[in-house]
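Because the structure is a prediction, the values reported are computed rather than measured. Reminder, nothing fancy here: chain letters follow the sequence lines and each chain counts from 1. For the numbers below, each heavy atom of this structure counts, side chains included, while hydrogens, waters and symmetry mates do not.
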Amino acid sequence: MKEAYNFEEIEKKWQKIWAESRIFEAAEDPAKPKFYCLEMYPYPSGRIHMGHVRNYSIGDVIARFKRMRGFNVLHPIGWDALGLPAENAAIKHGTHPQKWTLDNIDYMRSQLKRLGISYSWSREVNTCLPDYYRWNQWIFLKMFEQGLAYRRLSWVNWCPQCRTVLANEQVVAGRCWRCDSEVSQKKMEQWFLKITAYADELLSGHEQLSQWPGHVLEMQKNWIGKSEGALVNFKVPAIKKDIEVFTTRIDTIYGATFVVLSVEHPLTAELIAGHPEKEKLLDWIKKTIAESRAKREIKEEEKVGYDTGLKAINPFTGQPVPVFLANYVLMDYGTGAVMGVPAHDQRDYEFATKYSLPITPVIKPASPEIQPLPGQAFEEYGILINSGEFNGLSSEEAMEKMAGLAETKGFGRKSVTYRLRDWGISRQRYWGTPIPVIYCEKCGLQPVPYDQLPVEIPFKAEFTGEEGSPLEKIPEFVNTTCPQCGGPARRETDTMDTFVDSSWYFFRYCSPGETRLPFKPEKAAYWLPVDLYIGGVEHAILHLIYSRFFTKYLRDLGLTRIDEPFPHYLAQGMVTKDGSAMSKSRGNVVDPDEMVKTYGADALRIFILFASPPEKEFAWSEEGLEGCYRFILRIWNLAEENLDLFQEKGVIAAGQFDEASFQRLSKKLHQTIKKVTDDIEQRFHLNTAISALMELTNSLKKGRDLLRQSREGRELLAEALTDLILLLGPFAPHLAEELWQKTGRTTLVAQTSWPSYNPELAKEEMITIVVQINGKLRDKFEVEAETEEEILKEKALSLPRIQELLGGREPKKIVCVKNKLVSLVV
RNA sequence: GCCGGAGUGGCGGAAUAGGCAGACGCGCUGGACUCAAAAUCCAGUCCGAUUCACUUCGGGUGUGGGUUCGAUUCCCUCCUCCGGCACCA
């Protein structure tokens with residue numbers, strides 16, 4: 001009697017066996033090649049979504065495959081468990097963030113287990129536990145000692161909805177990356193991590209990241225925004241101060257007819273001190289600063305500026321030029337002041353036209369074919385004119401010489417500027433890592449001594465949603481003693497950005513219980529770097545650049561020797577439905593739980609891998625999932641109907657078959673093993689690997705009746721089924737284990753070697769050669785593989801159809817390609 | 001505006017090194033089974049002609065061009081979509 005496919009029973013059964021046998025736990029073993037397979041850990045928001053299912057299914061195929069290939073695989077998971085949603089839930093529903101988070105983790109853990117992902121569960125990391133975040137504090141203190149963590153008053157991005165500060169990376173088109181509110185500017189004391197100290201290395205490190213998608217590298221490169229140029233000082237005699245400008249075009253400096261400062265520039269107050277309309281100006285400055293980033297970033301916004309009435313001296317020409325304040329100069333970049341060269345910079349051109357400032361061309365096109373467009377700045381490189389002793393030089397030569405002159409004369413120098421800003425990590429919220437700093441009235445700012453770590457998040461707190469961090473309102477937390485003098489002192493109430501947690505969690509997995517250091521260096525040395533990192537591209541700049549920064553810092557601390565944590569990054573595509581990303585607001589969310597319940601984890605896994613390659617977008621369709629369920633059912637029935645073969649005594653055939661149809665099937669089997677292996681190993685094209693498995697299944701089904709008629713055929717069928725089950729192991733692990741057991745095996749598929757193929761058998765022996773006349777397909781013939789070109793040519797020309805078409809004409813040219821085609825030109 | 005990426009049947013996608021376009025799956029159509037339906041199984045399914053029929057011919061990978069015996073694949077033009085950056089001096 002054939003047994004029905006009861007996925008629920010089967011899947012639970014094997015999940016239990018895997019857990020009890022602990023076969024996915026990993027230990028360092030220098031004798032075996034290691035493979036660290038990592039997927040981005042989830043934020044425990046409540047439930048797993050399809051994006052997670054996709055991410056973790058991809059990772060699991062790789063992890064299971066590598067294990068079967070003989071690798072010592074580390075495949076861990078954890079929880080990015082600190083963060084705003086927990087606190088918002090507390091405000092809304094009165095649940096404590098800790099309870100909310102831990103409950104969510106419990107539920108989501110059970111969901112991942114229900115999917116049959118082969119994690120090393122003993123290494124689970126949870127960032128909201130003091131065990132973990134104390135090391136955030138430890139790393140922070142190390143950085144603080146070296147001046148890489150510092151506090152400064154600065155303009156920051158403020159999200160009114162989240163009521164906290166955001167890092168530049170977390171502001172997307174002027175809006176909060178999390179809640180989409182418009183971000184405003186606020187001047188606050190903030191803690192920063194000096195990621196800019198690594199700007200150059202973060203950029204040059206890209207050379208080691210050849211296995212990253214190009215567009216992600218491009219995005220990081222743009223974000224770091226390295227630009228080489230020069231700093232030049234313009235003296236302002238009236239206030240006896242210098243204005244330092246940054247320019248990438250020092251060759252145009254003879255055309256600098258004004259200087260513009262950002263409204264946030266530290267010199268503004270002094271510059272307008274004596275201005276007749278000072279009050280009006282101050283008003284405008286205030287208004288401009290307060291304007292949201294979003295508004296200021298709209299390109300169409302008109303350039304507005306005010307003349308301070310003061311003059312600055314162009315150090316090259318010696319001529320005085322007016323000093324302006326304007327809304328189009330960013331304090332964030334360079335020095336917050338620029339020289340205005342209207343003839344050769346479009347923005348300056350617009351500004352100069354509006355305020356009737358002189359426009360002096362100092363660059364002429366290098367060749368007559370290039371002509372400057374009327375009414376626009378000429379921004380190309382060219383030949384210098386109107387530039388005194390530099391006339392006639394090319395822009396490139398001039399930049400070199402002029403920077404040199406500025407340096408010798410002491411009013412400038414070559415310089416490199418980055419767009420990358422230091423990482424503002426202060427968050428005015430409760431559910432985050434407390435920044436381990438104490439303020440003493442007598443001794444000032446004091447780091448918390450290492451032996452007092454962790455500074456724990458106090459459990460008792462009020463979640464009112466009112467302005468200010470809940471931590472500020474907890475006297476037991478705020479009031480403390482100074483580690484220096486023992487006197488009364490106050491704790492820092494800002495907590496860290498949660499991206500700090502995720503910047504080094506992949507180190508923690510190597511020794512999750514470590515109590516002396518963030519991680520055991522020897523263990524990390526064995527496992528790291530991560531051999532394959534898989535996750536959504538939405539973290540292309542944020543998480544992936546912070547992690548690279550932390551890795552380099554930890555290296556400099558001597559805790560690791562690697563430069564890059566993720567030499568190979570697979571950016572997984574989005575899961576969409578009806579043309580857009582699944583989201584609650586669109587109401588197009590499909591719940592994985594329901595799908596697992598209806599079709600089983602194996603079918604869901606197969607489908608989410610089958611419908612498109614990992615890096616591309618994935619369009620959800622329940623019909624597609626049903627198709628994969630049918631595929632599983634076909635395999636199940638095929639195996640069930642042939643279980644008797646495994647009772648027969650005898651050697652499993654080694655691939656020598658007389659019957660032609662058997663040979664074809666045997667060949668198909670070996671080709672399938674080859675294709676599935678290559679697709680997983682070399683391309684990560686899991687979709688085509690699955691389609692190859694479908695083809696093999698179809699072939700076996702078609703050939704089954706014939707095969708069963710002879711001893712030889714039965715052996716072949718048994719061999720094919722055996723390999724098919726093993727090949728299914730990474731994709732549909734529960735099904736594979738169950739069938740493996742049904743065929744009489746007492747081992748686990750997960751611990752069995754990946755099937756090998758015979759390359760000779762995988763090769764086609766007979767090849768179809770295509771015959772073309774003038775590039776058009778006219779006929780085909782079968783020939784043994786590797787047949788020489790000469791013979792192909794003769795054979796092609798002798799074909800009756802070809803002779804007929806040629807009609808006696810002699811081909812002008814004949815192109816023969818072995819194993820491919822014969823192409824005739826007449 | 002700048003920088004990337006992508007455009008292939010009704011749909012998701014395949015074609016790995018320039019060589020038979022459309023594998024595999026979905027959907028659809030017809031058939032078998034059934035009193036009937038579902039499920040399952042079998043056959044067909046790029047478009048247009050052509051043939052009683054096995055066929056045969058033409059067109060076809062966003063557009064227009066180029067290189068080549070031969071282009072989904074390489075080069076150029078334009079269009080569309082997606083992503084990133086967006087006064088970066």
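Between A:I253 atom CD1 and B:rA89 atom C1' the separation is 12 Å, expressed in whole Å. Rounded to a whole Å, the CE atom of A:M219 is 5 Å from the C1' atom of B:rG84. A:K303 has its NZ atom 9 Å from the P atom of B:rC87, to the nearest Å. If you measure from atom CG of A:D332 to atom P of B:rA89, you get 13 Å, rounded to the nearest angstrom. The CG atom of A:L824 sits 16 Å away from the C1' atom of B:rU68 (whole-angstrom rounding). The interatomic distance linking A:L633 (CG) with B:rA39 (P) rounds to 13 Å, in whole Å. The CG atom of A:D345 sits 14 Å away from the C1' atom of B:rG1 (whole-angstrom rounding). In this structure, A:Q346 atom CD and B:rC2 atom C1' are separated by 14 Å, rounded to whole Å.
Taking the six-membered ring where tryptophan is involved, the planes of A:H543 and A:H539 are perpendicular, since the angle between them exceeds 60° and thus also 30°. Between A:F351 and A:F324, the angle of the ring planes goes over 60°, which puts this pair in the perpendicular group of the 30/60° scheme.
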Contacts under 3.5 Å, N or O only, protein and nucleotides 62-64 of chain B:
none

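The side-chain hydrogen bond (donor to acceptor under 3.5 Å, both in side chains) search around A:E695 returns A:K668, not counting sequence neighbours. The ring-ring contact (aromatic ring centres under 6.0 Å, His included) check on A:Y599 picks up A:Y629, with sequence neighbours excluded. Scanning for side-chain hydrogen bond (donor to acceptor under 3.5 Å, both in side chains) contacts around A:N233 gives an empty result, with sequence neighbours left out. Among residues two or more places apart in sequence or in another chain, the ring-ring contact (aromatic ring centres under 6.0 Å, His included) test is passed with A:Y418 by none. Checked against salt bridge (Lys or Arg N to Asp or Glu O under 4.0 Å), A:E207 has no partners two or more places apart in sequence or in another chain.
Here B:rG9 is in the syn range [glycosidic angle within 90° of 0].
Side-chain N/O atoms of A:R419 include one lying less than 4.0 angstrom from OP1 or OP2 on B:rA86. Using a 4.0 Å cut-off, no side-chain N or O of A:R778 falls inside it from OP1 or OP2 of B:rU56. An OP1 or OP2 oxygen of B:rC41 is reached within less than 4.0 angstrom by a side-chain nitrogen or oxygen of A:K701.
Here the separation of B:rU73 from B:rU55, taken at their P atoms, is 30 Å to the nearest Å. One P atom belongs to B:rC20, the other to B:rA37, and the distance between them is 44 Å to the nearest Å. The same atom, P, is picked in B:rA21 and in B:rG70; the two are 15 Å apart, to the nearest Å. Taking atom C1' on both nucleotides, B:rA71 is separated from B:rU8 by 14 Å, rounded to a whole Å. Comparing the P positions of B:rA14 and B:rG7 gives a spacing of 9 Å, expressed to the nearest Å. For the C1' atoms, the distance from B:rG58 to B:rG66 is 24 Å, rounded to whole Å. Using atom C1' as the reference point in both B:rG12 and B:rC28, the two lie 15 Å apart (nearest Å). Taking atom C1' in both B:rG62 and B:rC79, the straight-line distance is 7 Å, to the nearest Å.
Counting only heavy atoms from C-beta outward, the side chains of A:W284 and A:V304 approach each other to under 4.5 Å. The shortest distance between side-chain heavy atoms of A:V537 and A:H215 falls below 4.5 Å.
Nearest-nucleotide positions on RNA chain B for A:G214 and A:I541 put A:G214 closer to the 5' end.
When every heavy atom of A:P730 is checked against every heavy atom of A:L727, the shortest pair comes out as CD-O, 3.4 Å. Taking every heavy atom of both residues into account, A:H344 and A:I363 meet most closely at NE2-N, 3.1 Å.
In RNA chain B, runs of at least 3 stacked Watson-Crick or G-U pairs (N1-N3 plus N6-O4 or O6-N4, or N1-O2 plus O6-N3, all under 3.5 Å) give these stems: B:1-7 with B:79-85, B:10-12 with B:24-26, B:27-32 with B:40-45, B:46-49 with B:56-59, B:64-66 with B:74-76.
Here the side chain of A:W636 pairs a donor or acceptor atom with the backbone of A:E3 at under 3.5 angstrom.
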> Where along nucleotides 12-30 of chain B does protein come under 4.0 Å, by heavy atom, of base (B) or sugar-phosphate alone (S), with - for untouched nucleotides?
Replying inline: BSSSB--BB--BBSSS---
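Every pair passing side-chain hydrogen bond (donor to acceptor under 3.5 Å, both in side chains) that includes a residue from residues 770-785 of chain A is listed here, sequence neighbours excluded: A:T768-A:E782. Residue pairs meeting the side-chain hydrogen bond (donor to acceptor under 3.5 Å, both in side chains) criterion with at least one member in residues 250-261 of chain A, sequence neighbours excluded, are A:R249-A:D251, A:D251-A:S395.
Residues from residues 375-382 of chain A that place a heavy atom under 4.0 Å from any atom of RNA chain B: there are none.
Atom NZ of A:K763 has 12 or fewer neighbouring heavy atoms from other residues, nucleotides or ligands inside a 6.0 Å radius.
Residue A:K776 is classed as a sugar-phosphate contact, given heavy-atom separations below 4.0 Å to backbone atoms only.
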Could you pull out all donor-acceptor pairs under 3.5 Å where a side-chain atom in residues 810-826 of chain A meets a protein atom, sequence neighbours excluded?
from, atom 1, to, atom 2, distance (Å)
A:N819, OD1, A:E786, N, 2.8
A:N819, ND2, A:E786, OE2, 2.9

